[in-house]
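Notes follow the structure.
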Amino acid sequence: MHLRELQLHNFKNYEEATFTFSPGINGIVGKNGAGKTNLLDAVYYLCMTKSAFQNTDQANWRFGETFFTIEGTIEHGDVPVHLHLSFSRERGKVLKLNKKAYTKVSEHVGKFPCVLITPNDSDLAREGSELRRRFFDTILCQLNKVYLEQLMRYNRLLQQRNSLLKQIAERRQDVSMLEIYNEQLASPAHFIAEERAKFTEKFLSVFLENYRFISCSNEVVSLTYQSALNETLSFVSLMQQNQSKDLALQYTSQGIHRDDFIFEINGNPLKKFASQGQQKSYTIALRLAQFEILTQQTGIKPLLLLDDIFDKLDDERITQLMLLMSGGRFGQVFITDARPERTEKLFYNDGIPIHMIRI
Amino acid sequence: MNYPSKLVEDAVAEISKLPGIGKKTALRLALHLLKQEEKYSTQLAEAIVKLRTQTTYCQSCHHISESAFCHICSDNRRDRSIICVVEESPDILAIENTGQYTGLYHVLGGIISPIEGIGPADLHIESLVSRIATGEVKEIILAISATMEGDTTAFYLSKRLKNYEVKITTLARGLPVGSELEYTDEVTLGRSILARTTYEI
């Protein structure tokens with residue numbers, strides 16, 4: 001699968017632009033603010049139906065405009081697929097595949113997978129547990145429909161439980177109702193915790209392999225799933241233990257919605273004890289593991305979008321990344337760099353063909 | 001908007017209080033009434049007043065009724081050993097139209113949802129328990145929406161009734177009759193496979 005052509009209209013800083021890409025490695029170079037990352041985001045948008053950087057669709061209009069379109073032709077199988085995504089104030093978001101509009105845009109997600117590696121990924125290591133849960137939940141939801149369903153069920157029941165806790169505080173409902181929600185939450189909670197634990201194990205070996213390769217060193221990294229639930233503590237007993245605390249706080253203080261994934265280097269937390277380059281290597285390895293798991297599952301090599309990947313890495317790690325890219329493990333790759341001569345030199349020296357796009 | 005008369009304006013104000021009716025539709029309805037014979041409007045007004053003043057709720061099952069007990073509860077041909085629990089009165093009409101049920105009903109008046117501030121005390125649950133406590137009832141059917149809130153309500157009821165000798169059943173969930181398999185949503189289809197039944201001719 002590869003993206004052959006992309007047309008942008010009023011998308012972020014682009015008024016009108018057309019790009020053609022090679023099925024292999026595409027280098028996107030230009031000055032700061034030229035729109036390199038925006039171009040990657042347009043590709044991401046076409047695959048995932050949303051921006052990787054903006055929470056609302058409106059935020060992607062070119063300044064002063066009220067609509068944008070992204071059009072692309074993807075070579076996949078025998079017939080090229082034409083995608084047309086538009087967002088306007090009047091009609092909202094419309095996505096057409098070969099001129100036929102989707103009734104639910106979300107049905108498109110996963111058909112043309114892509115993996116984006118950006119400098120923002122370091123937030124995975126630095127910020128709170130929510131981002132790490134979302135990283136793993138997103139992959140799990142793509143792999144397993146039942147997981148998605150159970151996660152939605154858990155979250156909805158949790159909202160009800162939290163409302164109940166507030167109403168108990170206002171003396172509008174009885175404490176005994178908590179038991180009903182504890183028992184209802186138990187089954188999705190145990191399912192999610194088990195799936196996360198199983199998946200982490202599978203993910204870990206792929207991740208470690210990637211990290212070892214990029215870092216080219218004896219650094220010992222680890223990734224562990226940490227849950228409030230375990231073999232000896234059931235969800236219902238956990239809720240019973242925390243009942244008085246929950247009643248005082250008026251929300252559910254523990255549960256699988258507070259689980260975390262612990263990132264460590266040489267036995268210490270990555271957040272505090274790793275350099276920026278090590279943190280970056282760690283998150284790149286996470287994304288590459290995501291790439292591999294998606295490839296295994298779907299049989300399609302996702303588009304790989306690399307935003308400013310060489311920044312903060314030492315020469316040795318850059319060489320290892322180059323080795324990975326020349327190995328034919330990836331399909332189509334998009335790579336941005338504000339220093340064209342660096343990218344050109346790296347690829348020409350290694351004899352890896354690269355299609356340069358200057359913007 | 002400028003109305004031709006104060007009386008039209010008043011009528012529009014009242015009609016537009018109804019759900020789903022805005023000022024424009026209300027005006028059209030008011031003007032329609034003016035075009036018809038006088039009798040047309042007086043009959044409508046009478047019907048509305050009677051509806052409001054002469055209907056009440058059944059003391060036993062909380063269904064809409066003209067007397068203390070609704071026509072279903074007072075029908076002695078109905079099977080008194082079985083009660084079908086529903087959320088609202090329209091659900092009874094739907095089940096009655098199937099012609100497959102001859103027992104009694106019980107209207108809860110909603111489902112448990114703390115987000116909307118509805119707890120068990122806001123529903124007709126205690127009266128259901130006292131109906132069961134008489135010992136006459138052998139089975140209750142939970143005919144509650146297949147939503148998360150519906151599941152919670154059913155779960156609550158089953159716990160509340162566990163000390164009584166009554167069989168608790170719930171409606172089957174699965175493929176709609178006459179539907180095609182490929183268009184069925186995955187969750188329903190998945191459940192239908194798990195809860196499959198022995199084939200009977």
Side-chain angles (χ1 to χ4, degrees), chain A residues 102-104 106-107 109-110 141-189 191-192 195 235-236 239 243 246-247 249-252 257, chain B residues 85 87 108-129 140 142 144-164 168 170 173-175 179-196:
Chain A
Y102 280 94
T103 36
K104 259 167 57 192
S106 63
E107 283 169 19
V109 182
C141 287
Q142 277 173 6
L143 299 179
N144 187 348
K145 276 260 158 62
V146 182
Y147 186 87
L148 172 68
E149 187 205 325
Q150 294 286 316
L151 189 65
M152 281 165 57
R153 186 177 167 83
Y154 181 89
N155 288 334
R156 176 86 185 150
L157 283 165
L158 189 69
Q159 274 185 343
Q160 293 279 21
R161 190 181 191 270
N162 289 340
S163 298
L164 180 66
L165 285 165
K166 286 194 185 70
Q167 286 167 23
I168 293 171
E170 294 161 9
R171 307 206 172 280
R172 277 161 50 206
Q173 295 228 25
D174 194 63
V175 184
S176 64
M177 271 303 285
L178 274 177
E179 200 189 321
I180 302 288
Y181 283 98
N182 295 351
E183 287 182 37
Q184 291 234 294
L185 280 160
S187 136
F191 177 84
I192 290 165
E195 290 296 314
F235 185 82
V236 173
M239 291 295 117
Q243 180 147 327
D246 285 359
L247 283 168
L249 292 168
Q250 299 182 27
Y251 64 82
T252 309
H257 58 289
Chain B
V85 180
E87 288 165 35
L108 289 176
I111 40 177
I112 298 171
S113 174
I115 290 177
E116 288 157 78
I118 302 169
D122 303 304
L123 305 175
H124 299 301
I125 289 176
E126 285 319 302
S127 60
L128 175 67
V129 176
I140 70 159
L142 302 176
I144 302 172
S145 298
T147 58
M148 215 155 320
E149 286 72 25
D151 287 347
T152 304
T153 311
F155 189 69
Y156 177 84
L157 285 173
S158 70
K159 292 209 105 187
R160 187 74 182 73
L161 298 172
K162 72 169 186 270
N163 292 329
Y164 295 94
I168 300 173
T170 181
R173 290 172 189 181
L175 292 180
S179 69
E180 287 182 48
L181 207 66
E182 62 170 321
Y183 297 120
T184 313
D185 76 282
E186 290 142 16
V187 180
T188 308
L189 194 54
R191 259 191 196 241
S192 308
I193 290 168
L194 289 177
R196 64 192 181 278

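Side chains included, hydrogens not; waters and symmetry mates left out as well; all remaining heavy atoms used. Fair warning: this is a prediction, and the values are worked out from it, not measured in the lab. Chain identifiers are assigned alphabetically (A, B, ...) following the order of the sequence lines, protein sequences preceding nucleic acid strands; residue numbering begins at 1 within each chain.
Under a 3.5 Å cut-off, the side chain of A:Q167 and the backbone N or O of B:P114 do form a donor-acceptor pair.
Considering only heavy atoms from C-beta on, B:E149 comes within 4.5 Å of A:Q160 through its side chain.
Rounded to the nearest 0.5 angstrom, A:E183 CD and B:F155 CZ are separated by 4.0 Å. A distance of 5.0 Å separates CG of B:D151 from CZ of A:R153, quoted to the nearest 0.5 Å. In this structure, the separation between OG on B:S113 and CZ on A:R156 is 6.0 Å, given to the nearest 0.5 Å.
Within 6.0 Å of CD in B:E186 there are 12 or fewer heavy atoms belonging to other residues, nucleotides or ligands. The number of heavy-atom neighbours closer than 6.0 Å to NZ of B:K159, taken from other residues, nucleotides and ligands shown, is above 12.
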Item checked: side chain to side chain contact (heavy atoms under 4.5 Å, CB included) evaluation trace for B:D122 with A:R172 -> CA-CA 10 Å; B:D122 303 304; A:R172 277 161 50 206; over 6 Å; no
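Contact count versus chain B (heavy atoms, under 4.5 Å) is highest, among A:M177, A:R161, A:E179, A:E149, for A:M177.
The shortest heavy-atom contact between A:Q173 and B:P120 is OE1-CD, 3.7 Å.
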